[in-house]
Amino acid sequence: MDSQCSGSIDSRQTSRGLNATLVSVRGESYEAGEKKCISDVRRTFCLFVTFDLLFITLLWIIELNVNGGIQKQLEIEVLHYDYHASFFDIFLLALFRFAILILAYAVCKLRHWWAIAITTAVSCAFLIAKVILSKLLSQGAFGYLLPIISFVLAWIETWLLDFKVLPQEAEDENRFQSIMDATERAPLIGPGPLSDGQFYSPPESLADSDEELDDKHDPVKGLI
């Protein structure tokens, strides 16, 4: 009976130890992953910011090529920059968004919205002023296309960060904290050791077994 009791206690303690070890390993692996790389949603956000820059650059190059050749238009729009007629500043605006957002959310790994708020506010103010004051709308389809696409991409980046990246990372952090709390509580929540009463045999069963032993050792009594 003592061996059964001790074996059951050892098995339960081993099970509790294994559960605590598994939870601890999960917490340590999660923490190591957070330290080594950025989250999936943040990586997606950074990829979209890169797409923003590349897409605006591509449209600007197409505009240069359509309006008389890349080299000639670069001289007109860059070397002889004119705020009212050049698309070069829209490209610079996309480059500004890329530099600030990648620095803030990929390099520094900020968990606040102030950087995206600055880039979106600057982009919106600049684009609205340029559409009102410049002569882009008289330069064909690109006069409409570049400002509108730049405006839309800036707001998509804001939506991604505010509604996807930051909430998802906060949820992951809360889950990690709950794992660590469970690791600390694991040795305390297991069932207690088994008592001797759980393996107690009824008195009558013991008495019956004693009478059977006496009958086997006393042949005379067994004949009676």
Side-chain angles (χ1 to χ4, degrees), residues 14-63 87-130 145-190:
T14 303
S15 177
R16 291 200 302 270
L18 289 175
N19 290 335
T21 302
L22 290 175
V23 173
S24 178
V25 169
R26 288 178 61 190
E28 291 174 358
S29 62
Y30 181 88
E31 186 177 10
E34 285 292 313
K35 290 180 180 179
K36 290 182 180 179
C37 62
I38 61 177
S39 63
D40 293 338
V41 287
R42 187 177 290 256
R43 189 182 300 111
T44 302
F45 171 76
C46 294
L47 286 175
F48 187 81
V49 172
T50 306
F51 167 77
D52 176 11
L53 175 62
L54 296 178
F55 190 49
I56 295 298
T57 303
L58 178 63
L59 289 178
W60 182 49
I61 292 174
I62 295 173
E63 183 270 334
F87 294 96
F88 178 59
D89 46 13
I90 296 181
F91 163 76
L92 290 180
L93 186 64
L95 184 63
F96 164 76
R97 287 197 302 270
F98 173 81
I100 295 297
L101 296 179
I102 293 297
L103 178 63
Y105 297 109
V107 179
C108 298
K109 298 180 182 179
L110 292 182
R111 295 191 176 185
H112 200 273
W113 47 263
W114 64 265
I116 193 75
I118 291 174
T119 58
T120 304
V122 170
S123 298
C124 292
F126 180 84
L127 291 171
I128 291 173
K130 188 170 182 66
L145 193 62
L146 277 170
I148 292 174
I149 290 179
S150 183
F151 186 88
V152 170
L153 290 176
W155 278 102
I156 292 177
E157 290 167 354
T158 304
W159 176 81
L160 278 175
L161 183 77
D162 199 26
F163 290 93
K164 295 295 182 180
V165 178
L166 298 182
Q168 182 65 45
E169 290 185 345
E171 182 180 350
D172 292 341
E173 186 176 0
N174 292 334
R175 187 182 300 114
F176 170 68
Q177 188 61 42
S178 64
I179 291 174
M180 298 306 297
D181 293 341
T183 304
E184 296 175 357
R185 293 195 305 267
L188 304 177
I189 61 177

[Y] side chain reached by [X] side chain, heavy atoms, under 4.5 Å:
X	Y	answer
Trp155	Cys124	yes
Ile149	Leu59	yes
Arg111	Arg42	yes
Phe51	Leu153	yes
Leu160	Thr44	no
Arg175	Glu171	yes
Phe45	Lys164	no
His112	Leu166	no

Where is the tightest heavy-atom contact between Thr50 and Phe98, given as atom of each residue plus distance? OG1-CE1, 3.5 Å
Please give me the minimum heavy-atom distance between Pro147 and Leu127, naming the atom from each residue.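 Reported closest heavy-atom pair: O-CD1, 3.8 Å.
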Could you grab the distance from atom [atom1] of [X] to atom [atom2] of [Y], nearest 0.5 Å is fine?
X	Y	atom1	atom2	value
Asp40	Gln168	CG	CD	9.0 Å
Leu53	Leu95	CG	CG	6.0 Å
Lys109	Leu103	NZ	CG	13.5 Å
Leu92	Phe126	CG	CZ	8.0 Å
Ile118	Ser123	CD1	OG	11.5 Å
Thr120	Glu157	OG1	CD	7.0 Å

Quick check against the 3.5 Å criterion: does [X] have a side-chain atom that pairs as donor or acceptor with the backbone of [Y]?
X	Y	result
Tyr105	Ile116	yes
Asp52	Phe48	no
Arg43	Ile38	yes

For Asp162, salt bridge (charged side-chain N to carboxylate O under 4.0 Å, His left out) partners two or more places apart: none
Between Arg97 and Ser150, a side-chain donor and acceptor under 3.5 Å: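 Present: a donor and an acceptor within the cut-off.
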Please check if the distance between the ring centroids of Trp60 and Phe91 is under 6.0 Å. yes
